[in-house]
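Proteins come first, then strands; the chains are lettered A, B, ... in the order of their sequence lines, and each starts at number 1.
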There are 2 protein chains.
Amino acid sequence: MKKKITLKQIARELEVSISTVSKALKDSGEISKDTKDKIRAFAKMSNYRPNSIALSLKNRQTKNIGVIIPEIVHHFFSTVIKGIQTYANTKGYNLIICVTNESYEKEVINIELLANGSIDGFILAISEETEMKNNFDHLKEITEQGIPLVLFDRVTNEVACDKVIIDDKVGAYKAVKKLIDNGNKKIALLTTASYFSVSKERDRGYRQALLDNNFEINENLILELDHFDMDDTPIEEFFDKQEIDAVLSVNETFGIRAMRVVQRKGLKVPEDISFIGFTDGLLSRYANPRLTTVDQHGGRMGEAAAEMLIEKIESEEENEIYRTEVIKSTLIEGDSTIN
Amino acid sequence: MKKKITLKQIARELEVSISTVSKALKDSGEISKDTKDKIRAFAKMSNYRPNSIALSLKNRQTKNIGVIIPEIVHHFFSTVIKGIQTYANTKGYNLIICVTNESYEKEVINIELLANGSIDGFILAISEETEMKNNFDHLKEITEQGIPLVLFDRVTNEVACDKVIIDDKVGAYKAVKKLIDNGNKKIALLTTASYFSVSKERDRGYRQALLDNNFEINENLILELDHFDMDDTPIEEFFDKQEIDAVLSVNETFGIRAMRVVQRKGLKVPEDISFIGFTDGLLSRYANPRLTTVDQHGGRMGEAAAEMLIEKIESEEENEIYRTEVIKSTLIEGDSTIN
DNA sequence: TATCAACACTCAAACGGTTTCGTAGCATTT
DNA sequence: AAATGCTACGAAACCGTTTGAGTGTTGATA
């Protein structure tokens, strides 16, 4: 087993000083060609690579980005990570990824763990529990410490930092508009509990589109579901108690599940009832029929977030100007709506 | 903005030496109670946390694990990551995740980038291109440098290290056995190009099961597909040219796509034709009918890999004894087979 | 009254690099 | 011959922490 070689060892071996070795490898003009060649040959032979920890300590930068997300087995979030990776890699940054499992405590712990010099900045989507508690002190603290932070998707106004979101409201609006234009009258909304920032925006878009088109808002047409409850009974009851001709779902799974429920009831999609979901993931793509969706462009969000963060990290001045970038959502026409 | 505070600053502020501060915070017996109390109070007040980079340099351990995977927007791999996280977190390790996009070059680069002291060990699934090239020098190199390495899922015998795999062959065998027991006669296999280690094993299990039950192996019943080709024509032709009453697919997507093709042809699943896929992901769960699958237990694989790696990292002796842990796959009965 | 241990600290080296400054040795200028 | 300028290298500080060795003061012991 050949251990990692250091400058010191090279220096001793070649009987020069450590600084000479360092300078030679950096192609400094201070070192003669002969010495340089000798040192470089030896370094190459012994496969020398500078220790990145030592560099981090010296330069006070780690070239690591802390990415904190609520869930990883999740199409949208993994897409965002991919986007972050793509951009970060071109800039020489690595990703330290922590999953909070939607827990407030884990979010706090992970942030504290990384804020001690392990990373140059954070990219984070707020966990459900944190949104519920509405407590963002841990985030304020890192910004106060001067650690750059970019929030994406699940954001809050409480914290002054860069943000990347999609136009959830507009996305929902466009979806409902399409359903209305197709002649649908009873348009339902499948959503999650109302304290989630994204659901809230989508809910707003839904209502706005209805109002703008002279529809009345019927609260009976709005069904709140729980992520973790896999029981379809509430969905069945919802569709049993009233006639519905179109559905907007704030995510993929509710949409797919509802589609199955109505299909089992013998309805045809999209002839009898139309569906539009959020998130253009695998589920939507492989659904039968292919679900029409509002694409959130997770990849682009990730890239945007990474770009904003790295810009902040590498800029000298401490400007306190924060931007919020809005990624445009797109309606992807599948076969669950009439096109 | 309050910058991170260091031992040196505390020392200056309290007019003691750096070592006194350090020792006081570590509750050393060398320091008097009075001084200790004073220092600890100040440290707490100023929210002191030791710089983890400095500690890494000193202790020559980073408490970071490098995880290198071919793809992240992928149910199986993200499940594995989750498993790794779960175990690693309990041991105080963080994850640095790199995605190779199935590229050999990216695999090499990412390994080199992290092998310079950034991580204490690697968990890795070999990229497709690397499997194709059959070149594992970069992996051999890190083991030679004494950096612990655990390979999972996509492994090779060329590299001496710990491994975690599932019993792909047995999984496929059990699946085919079930199809045979259900009375099916024409059992097809949907697979990928043959140089992928996992496909190879699943192929073997398929053949073995057939042979053991006195079936002839008919190469016409085996269809090789490309991941990235979304065109269903080859699948359609495959099912057009012959009668098939059961299908084993080496992944989810081929299975779901084939199921849709035959459903469009008017066949009923599972009455007319049965399907079993590998990977129990969202797609299978939300498919219509719910796909019967061979569950690979990605989470357990991840946990096992993390456990093996951390054990190696934290063990003093350099034993050259390597284990291969085999995770048992389970047949999850959905509605795409007769149960 | 020396001697010695205990106490409560400080010093300095080390981890592996980078970088500023200093200087020995030589050649060139005046 | 003295002053100057280059070249090519070394010494040392620094990043933030740990830790073994060293030190000055006190009180007890022989």
Side-chain angles (χ1 to χ4, degrees), chain A residues 3-40 42-43 46-64 114-120 145-147, chain B residues 2-40 42-43 46-64 113-120 145-147:
Chain A
K3 269 274 165 218
K4 290 251 68 170
I5 195 164
T6 66
L7 284 187
K8 194 193 276 191
Q9 291 166 45
I10 300 182
R12 198 186 313 140
E13 204 74 30
L14 264 38
E15 296 182 305
V16 291
S17 76
I18 296 181
S19 21
T20 305
V21 179
S22 175
K23 285 172 188 166
L25 294 175
K26 312 212 88 183
D27 203 15
S28 153
E30 289 182 39
I31 309 297
S32 71
K33 190 170 177 315
D34 281 5
T35 321
K36 254 191 232 176
D37 287 350
K38 193 176 61 175
I39 291 176
R40 302 181 117 170
F42 189 86
S46 47
N47 201 26
Y48 169 80
R49 305 247 175 267
N51 179 309
S52 58
I53 296 291
L55 287 178
S56 293
L57 183 58
K58 179 92 189 122
N59 305 331
R60 273 98 142 264
Q61 59 155 327
T62 60
K63 286 275 182 180
N64 284 153
L114 294 183
N116 299 305
S118 305
I119 50 95
D120 297 338
Q145 279 183 29
I147 303 176
Chain B
K2 42 174 188 186
K3 269 275 167 216
K4 289 252 68 174
I5 195 164
T6 67
L7 286 188
K8 194 192 277 193
Q9 291 167 44
I10 299 183
R12 198 186 314 141
E13 204 72 31
L14 264 38
E15 297 184 303
V16 291
S17 76
I18 297 181
S19 17
T20 305
V21 180
S22 174
K23 285 171 184 167
L25 294 175
K26 311 211 91 184
D27 203 13
S28 155
E30 289 181 43
I31 310 295
S32 71
K33 189 167 177 316
D34 281 5
T35 320
K36 252 191 234 176
D37 288 349
K38 193 177 60 177
I39 291 176
R40 299 181 120 172
F42 188 87
S46 48
N47 200 26
Y48 170 79
R49 305 246 175 267
N51 179 307
S52 58
I53 296 292
L55 286 179
S56 292
L57 183 59
K58 184 112 239 287
N59 305 330
R60 274 100 141 258
Q61 56 155 328
T62 60
K63 288 276 183 177
N64 284 154
L113 218 61
L114 293 183
N116 301 306
S118 305
I119 51 93
D120 297 337
Q145 280 183 28
I147 302 176

Flag side-chain contact, heavy atom, 4.5 Å: A:Y48 against A:V21:
no
Locate the shortest heavy-atom distance separating A:R40 from A:L25; write the atom from each residue and the value.
NH2-O, 4.0 Å
Flag the pair A:K33 and A:D37 as a salt bridge only when some basic side-chain nitrogen lies within less than 4.0 angstrom of an acidic carboxylate oxygen.
yes
In whole Å, I'd like the distance from the CG atom of B:D37 to the C1' atom of C:dC9.
16 Å
Report which part of the nucleic acid A:T35 touches: base, sugar-phosphate, or nothing (heavy-atom distance under 4.0 Å, all strands).
sugar-phosphate
Nearest heavy atoms of A:G117 and A:T62, plus distance in Å:
O-CG2, 2.9 Å
Base, sugar-phosphate, or nothing: which does B:S28 touch, judged by heavy atoms less than 4.0 Å apart?
nothing
Could you encode protein contacts along nucleotides 15-20 of chain C as a string, one character per nucleotide from 5' to 3', using B for base contact, S for sugar-phosphate-only contact and - for no contact, with a heavy-atom cut-off of under 4.0 Å?
BBBBBB
Would you say the side chain of A:I18 lies within less than 4.5 Å of the side chain of A:T6, judging by non-hydrogen atoms?
no
Taking OP1 and OP2 of C:dC9, is either one under 4.0 Å from a side-chain nitrogen or oxygen of B:S32?
yes
Would you kindly give the NZ-to-P distance between B:K36 and C:dC7, to the nearest whole Å?
12 Å
Please report the shortest heavy-atom distance between A:E30 and A:K23, naming the atom on each side.
OE1-NZ, 3.1 Å
B:I31 CD1 to C:dA6 P, in whole Å, measures 18 Å
What's the shortest heavy-atom distance between A:L114 and A:I119, and which atoms?
O-CG1, 3.3 Å
Closest non-hydrogen atoms of A:I31 and A:A24, given as atom of the first, atom of the second and distance, are CG1-N, 4.0 Å
Need two values: the first and the last nucleotide of DNA chain D, 5' to 3', having an atom under 4.0 Å from any heavy-atom of chain B.
D:dC15 to D:dA21
